[in-house]
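The structure under discussion appears below in the form of structure tokens.
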Amino acid sequence: MTTHPSEKKSRFDPEPMPRRDFLGLAALGSMAAAFALSIFGMLKLPKAAVSASPAKKFNVSLPDTLPEGEAFIPPGRNVAVFRDAEGVFAISTVCTHLGCIVKTSAAGFDCPCHGSGFQKDGTVRKGPAPKALPWLKVAKNGSVLTIDEDTKVKTGTKV
Amino acid sequence: MKAEGYSALHEFWINLRGIPNHVYRAMFRGGPPKTDRTRSSFIFGNVFLHLHSVRTHLWSLRWSTTMGLGIMTTAAFLITLVTGILLMFYYKPYTDVAYQSIKDIHFIVPTGRFMRNIHRWAANVMVIAVILHMARAFYTAAYRKPREFNWFIGWGLLVATLGLSFTGYLLPWDQLAYWAITIGANIAQSPREITDALNITQYFDIGGLQREILLGSDKVGEEALIRFYLLHVMILPLTLVMLMAVHFWRIRKDGGLAKPANADELVTEEAKEFFPVFTDVPTKTYHLAAVVKGKTSAVGSGPEHTVPSMPHLFYAELGVLMLTTLICVALAFISDAPLKELANPLVPENPAKAPWYFLGLQEIVSFSAFMGGIGIPMLCVIGLGLIPFLDREKEGTGEWFGGPGGWNLVKWSLVVGFAASIGVEAFAIHFGWLREWFPDIPQLFITFINPGTVLTAIYAAYSIWAVRRYNSTRAGALALFTCFLCGFIVLTVIGTYFRGPNWDFFWSPSDWGGH
Amino acid sequence: MNKNKYLLMVSSIGVFLLLAAAAVSENFMKDWHGIQGSAKTTEGPVDLRLRQIVNPQLKVTDRCVTCHVGMASGEQITTDQKVGAAHKPVVHSPTEIGCTTCHGGQGQATEKDDAHGNVHFWTEPMLPAKYAYASCGTCHTPLNVPNLPTLENARKTFERLDCYACHRLDGRGGTLRPGGNVTGMEGPDLSHVGLKGYNADWYAAHLQKSQQAVDGAWKTSFREVGETDRGALKIFLDTQMGAPKLIEAKAQFNSVGCAGCHTVGTFGGDAGVNLSLSGFKDPNQLNFTKVPGEHTLSNWIVQHFRSPTSTVAGSQMPALGLSNEQIDLLTLYTLSLRRRTLPDTYLPKDRVKAMRFGAREFASNGETIYTAVCSSCHGANGRGTRFSGIVPNPSITGPEFLQLASDDFLFQTIRNGRPGRPMLPWGDRVNGFNDDELRAVIAYIRGLGGNVQALPDPKPQIWATGDVNLGAALFTSNCSGCHGKSGIGGDGPALGNKAFLTSVSDTFLVEMIKRGRSGTVMQGFANPSPISRVLTQAEIESIVAYIRSLNAK
């Protein structure tokens, strides 16, 4: 509050130094707190709580007749599933460069966008890709495989 | 341009180090706003605060002067603006997914349900506040010269507010939305009642044209949804913001809030608290006045008891802003925004009701579509717009219920307004109307003689009596405005609570039967 | 001016507290937080987060798995709590087609009442567990379903012949594994053969293997099967789609003549409402004033079957006098009529056959056709037994009628109907009966009447000669009471009907007037009777001549 002796009435008088106004500060502070909380809520909103795409963790059964070394691509998924003598494993088919979908080829995997190439185990063969194609977590439950596109495992992990 | 004695590189280094300091000073040119003087220059230098005058009259700061209704309307608008933009992150304006996207907002969007509730309640608060704000401006005779134009702008803001609220109604695409908009669109078509009766619809179908422009099709569908969406998120908010800017700016240009002639004397007690109070009569006018004839409203009108807007006015404004937020948040916390079944064009809601603020209209529409939907509303709207030009008196400006008659007249107008509207409604509900008595009566008779027009006529007659009794246009305006406000309240309450399926009268919604 | 500061402070603190309360209730207090918090997987506690099953093609976004976490894709819940339990194995993976496709309810909701659809503004609540098999009707249209007795008989045949020894069916059977060598000895699972198809020569193949086998199941469990039993097995196998209760319900529907009045899909009568979407009725639009219990669609349907007229004002439907079991089956079937628009990739074969090629939903044997379509008017035994409140309909299994009515007459009658009368042209309409079906139902009708065949009639169709005016007078005094003025029909058949006169023979008319129609009020006029005098041959022929003259008008 800028309360002053009543004799100082002109705006041409020198200005007094402001005094601490605790009530005003408390009011402004509580408003700032309320604003901060509401802004926190607003910032939460744009981040969707649940992805609108089908779940990243899914069940799949391999065809009985899948030849060794040949990829099985579950429909609608960006995963190549293989079976060999040591077990089953899944390799992501999302290029580690800029996210195009790689194609299986005789040499392993080839990316159509910027020419990255990968070996059969996903390691980089050529091109700009910075990392190997990740191997994905596979859980075996009878003949049903549960593949989690979100969880990577060490290259070479077969179940 | 480098400083003396430093190499350019060294100076670059100094500038780099000085960035925080320079940015701060670039933002606060007059220094931090700690004294009245620096605060004043802070207001000058800030584009948002500049809408305020630097000093505010103490009369304007009294709670009883405005009750903060204008700020409350603005605050509610800001709340709807922020929550509305947030809702747009998830809302999809297509008929096959709109409803689902609202369900998503309700169930899984973080804070989504709360935001939608706040949006909905803030919209209602805004409609109520804007009506009350208009009533305040009217009862304090604040529309008079030089504020006629600002009253005009305010009138536009009222229409835009109702339009915003109405267009938002369709977006959830549920049964409530679908049938409310169907009714609203058919009200827009109601001039057909006249053109049909005159048999000229095929040449001049203004009603059909209005409806078609509103809906983009012959029924409420995807075309209507996208139009309403465009109006709701783009055209109307932009219009509203523009009008608001003009409205606020005009407050300053029209010399601040309307105050009584003896406002300075009335605030002497409050003035003792402050220093320094602005007491010198201003003699200068704006330098633009060198090319503009006339004076600004401040010249020669002092001495004025003004205080710096910052912080005194800002505390009041922020207080009302937070109060409005509190009201909206509390309502949102208690009650969820409605979402009925998915819109089904084959199964009408019964009763299908328009948004609540149109239920008074729907009530008179049930007597005559044209008179209820176009005739009487146009009369009100034109009447409201013309008030400042018809009432050019001086007495009572800035005072509550100021002018000849005063509170006594308003009191009696309240009695007449409520009694007449309840009486006419009770008569029509109990005894029916012309069509029940003379089934073959031509439509034109009903259009011009129905409970809505009868009520209007009673109000008009009473106001003419008031004009003659007090020999003042202002008295007539007070009487008429009060009566219409009463009629609006009574009809809205009847339409909301006492009308059930088939628009029959029910004492309570629990008697509706059905489900 | 301190009051403005107080206003600001108090409002701000209020807003802060309310926002904090809202944040706590949204982030910690929801039901699913507690449910997921107590769920455990083999790898420890589950992540606390919203889960959903998305299938854009089916327009499914089901968040049921937010609480029923065990049914979410890839989740392995070990704690044996009911909510978190895994879905029992089913043909259609819930992680692919979602939950609401079968169960109904509101998939987008994340709170119990909303999700289960028990809220006012959700029109499709979950199907009660009792009627769960109705959900198959969302996509499937069971074909070739016989009536209930036939189905029961076929099921018993399957059991009696010990097919369960080697074959599994709906989780039952396939238990006999001789020789200890488990795999390879088991027959194929027959649960879905009605959809997937099976080898039409199975019997010959079985027989051959059985003859070649030395011992083991082929010798001990398989015997020769007679032709009747093979027919029953075919009926049984053709209906197997993994939904035994739905088949039973549809068989019940095919046993009480509903199709005589109601259309489902592409076939049925038009006296009653079209039932094609009756499983999707909005409970909010129904009148529950006379319905006891909760306001659910299934309760309404049950009550409607008990007492149609009191449940739906102005309903023409007679009370059928059904047992509770029958009502439950019919309710299940009605609920199963919930066709959804499906993308082509999800259209099941049976539905394609039914909707695009008009495949029969009922078995095309005479018995099923009769019970499914004809029995509602002509009665289960063909005696014209009527439901009270319905216009009487002709008895068609009396010996006189079956002797006089030639197969051709019956064929024409069923095929072309009686225009203007309740009898529809059952062969001559959209997806109407084909000739084989007409012959089958005629054979069944004759069987109902004790296998009475038509007497040979050497005379031409029209031979009677008589005085038309005399016939007219006699008709007015003797016949028009029941057959209506000028034979327009009343309680008795419309004799002046063009379709009737086109196909009927004079022999039929003359002999019918003489002998009467046993079991009905039509007495033979050649016999002495307390209500009318005996008519002479000439008088009868005059009446016939008069009836013939009606055709010309």
Side-chain angles (χ1 to χ4, degrees), chain A residues 1-59 75-78 99 146-151, chain B residues 32-40 54-55 79 82-83 85-90 92 97 100-101 104-105 107-116 118 268 271-280 282 303 305-308 310-312 314-319 321-323 325-326 328-329:
Chain A
M1 288 299 295
T2 48
T3 313
H4 302 277
S6 53
E7 64 269 17
K8 293 187 174 179
K9 274 283 186 185
S10 169
R11 65 196 162 105
F12 299 110
D13 288 340
E15 232 179 326
M17 282 309 289
R19 299 197 316 173
R20 288 233 176 257
D21 173 16
F22 288 107
L23 180 60
L25 284 177
L28 289 173
S30 52
M31 185 184 78
F35 263 115
L37 195 55
S38 68
I39 285 173
F40 182 70
M42 291 177 208
L43 290 179
K44 265 196 83 170
L45 178 133
K47 165 86 177 72
V50 57
S51 159
S53 57
K56 294 288 179 202
K57 216 173 184 184
F58 62 96
N59 294 335
R77 302 282 174 179
N78 299 325
T146 303
I147 298 172
D148 185 353
E149 287 181 80
D150 280 339
T151 312
Chain B
K34 283 183 179 161
T35 64
D36 285 350
R37 212 174 291 277
T38 48
R39 283 176 185 143
S40 299
V54 170
R55 300 184 69 85
I79 295 168
V82 170
T83 50
I85 288 171
L86 290 168
L87 291 174
M88 282 171 72
F89 275 86
Y90 290 96
K92 302 168 186 151
V97 287
Q100 276 71 24
S101 67
D104 279 355
I105 288 169
F107 283 114
I108 59 156
V109 170
T111 71
R113 183 185 309 191
F114 200 49
M115 291 296 174
R116 177 165 174 261
I118 296 176
T268 23
K272 287 180 182 159
E273 247 184 280
F274 296 95
F275 171 87
V277 173
F278 191 72
T279 50
D280 307 281
H305 286 67
T306 63
V307 292
M310 184 171 183
H312 304 294
F314 292 172
Y315 274 122
E317 288 186 352
L318 292 176
L321 168 72
M322 290 315 282
L323 177 68
T325 314
L326 181 67
C328 297
V329 169

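Computed from a prediction, not measured in an experiment: that's the story for all the values here. Protein chains get the first letters and strands the later ones, always in sequence-line order, with residue 1 at the start of each.
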Portion of [X] that has a non-hydrogen atom of chain A nearer than 4.5 angstrom:
X      : answer
B:V82  : side chain
B:F114 : neither
B:I105 : neither

Check B:M115 against A:G41 and note the closest heavy-atom contact, atom names and distance.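 What the structure gives for the nearest pair is CE-C, 4.2 Å.
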
When rounded to the nearest 0.5 angstrom, what is the spacing between [atom1] in [X] and [atom2] in [Y]?
X      : Y      : atom1 : atom2 : answer
A:L23  : B:Y315 : CG    : OH    : 7.5 Å
A:L45  : B:I85  : CG    : CD1   : 12.0 Å
A:K47  : B:F89  : NZ    : CZ    : 13.5 Å
B:T325 : A:F35  : OG1   : CZ    : 6.5 Å

Relative to chain A, which of B:L87, B:V329, B:I108 shows the most heavy atom pairs under 4.5 Å?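 Greatest number of close heavy-atom pairs with chain A: B:I108.
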
